[in-house]
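Read the structure below first, then the notes.
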Amino acid sequence: MHQTFRLFLLVAALCWLFPMNAQAGEYPTKVGEKLGNGVANVVTGVAEIPKTMMITGHQQGAAYGMTAGFFTGLVHMIGRTLSGAVDIATFFVPTTPMVDPAYIWDDFDKETRYAAPRMRK
């Protein structure tokens with residue numbers, strides 16, 4: 001009975017450790033992606049202004065895109081830049097990006113949206 005209990009504990013410990021070991025191997029990749037995403041968003045945040053002006057201009061007309069699109073783009077620039085700064089400051093916690101699309105060049109015709117970060121899978 002005592003041997004069976006030891007064997008059970010050994011098997012339970014191995015089952016518990018193997019998934020953690022697999023996830024620990026992915027940790028450097030996940031935090032590296034988050035750091036790279038943060039740096040890219042800080043650097044390219046200013047591109048939100050022309051991007052949003054183009055999107056708004058195509059949807060609402062050129063005059064609206066040049067005025068309201070500019071100010072909306074300014075807000076998106078601040079949002080992308082600040083979310084990138086947060087990603088840089090917290091890169092050691094592997095979460096998903098707060099902005100969608102994650103990189104400004106991923107889908108240049110899609111308006112930027114924001115969401116709460118989640119742990120990366």
Side-chain angles (χ1 to χ4, degrees):
M1 182 82 147
H2 193 267
Q3 281 294 36
T4 308
F5 185 69
R6 279 190 189 174
L7 182 61
F8 172 76
L9 285 179
L10 178 65
V11 170
L14 289 175
C15 289
W16 184 75
L17 287 175
F18 278 120
M20 296 297 198
N21 192 11
Q23 291 175 357
E26 297 171 1
Y27 179 76
T29 302
K30 291 178 182 179
V31 297
E33 287 173 358
K34 182 175 179 180
L35 181 61
N37 182 269
V39 170
N41 283 330
V42 166
V43 171
T44 62
V46 71
E48 282 287 349
I49 295 172
K51 173 187 170 182
T52 307
M53 288 173 66
M54 288 178 4
I55 292 170
T56 307
H58 286 228
Q59 293 172 349
Q60 305 290 329
Y64 194 80
M66 300 279 290
T67 55
F70 173 80
F71 291 109
T72 305
L74 191 62
V75 171
H76 285 313
M77 177 194 77
I78 293 167
R80 184 172 290 276
T81 303
L82 288 178
S83 73
V86 168
D87 282 348
I88 291 170
T90 62
F91 76 92
F92 50 87
V93 180
T95 58
T96 59
M98 290 182 270
V99 293
D100 179 39
Y103 297 98
I104 196 164
W105 59 80
D106 278 349
D107 194 355
F108 207 74
D109 293 331
K110 180 180 180 184
E111 189 169 351
T112 303
R113 298 176 193 259
Y114 303 91
R118 298 178 318 275
M119 293 302 286
R120 289 182 188 238
K121 293 181 183 180

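In this structure the side chain of T52 never reaches within 4.5 angstrom of the side chain of M77, judged on heavy atoms. In this structure the side chain of T44 reaches within 4.5 angstrom of the side chain of W105, judged on heavy atoms. In this structure, E111 and H76 have side chains that are in contact, with non-hydrogen atoms separated by less than 4.5 Å.
Formation of a donor-acceptor pair under 3.5 Å by the N41 side chain with backbone atoms of A102 is found in this model. At distances below 3.5 Å, not a single donor-acceptor pair connects side-chain atoms of D87 with backbone N or O atoms of V39. Within the 3.5 Å criterion, the main-chain N or O of M119 finds no donor-acceptor partner in the side chain of T95.
Clustering ILVMFWY residues whenever any of their side-chain heavy atoms sit less than 4.5 angstrom apart, transitively, puts V31 in a cluster other than the one holding Y103. Linking ILVMFWY side-chain heavy atoms closer than 4.5 Å, directly or via other members, places M98 and L35 in two distinct hydrophobic clusters. With hydrophobic clusters built from ILVMFWY side chains whose heavy atoms lie under 4.5 angstrom apart, V46 shares a cluster with M66. Both V93 and Y27 sit in one connected hydrophobic cluster of ILVMFWY residues. Membership requires side-chain heavy atoms under 4.5 Å apart, directly or through other members. Grouping the Ile, Leu, Val, Met, Phe, Trp and Tyr side chains by contacts below 4.5 angstrom, directly or via other members, places F71 with M53.
Take D100 and apply the salt bridge (charged side-chain N to carboxylate O under 4.0 Å, His left out) test, not counting sequence neighbours, and it matches K110. With sequence neighbours excluded, no residue forms a ring pair (Phe, Tyr, Trp, His ring centres under 6.0 Å) with F70. For Y64, the side-chain contact (heavy atoms from CB on, under 4.5 Å) partners are T56, Q60, A68, not counting sequence neighbours.
Side-chain contact annotation: K34 with T90, donor-acceptor N/O pair under 3.5 Å present.
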*Tell me, with the steps shown, if I104 and R80 meet side chain to side chain contact (heavy atoms under 4.5 Å, CB included).*
CA-CA 9 Å; I104 196 164; R80 184 172 290 276; 4.1 Å; yes
*Derivation and outcome, side chain to side chain contact (heavy atoms under 4.5 Å, CB included), residues N37 and E33*: CA-CA 6 Å; N37 182 269; E33 287 173 358; over 6 Å; no
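The shortest heavy-atom contact between K30 and P94 is CB-CB, 3.7 Å. Considering every non-hydrogen atom in both D107 and K51, the closest pair reads O-NZ, 3.9 Å.
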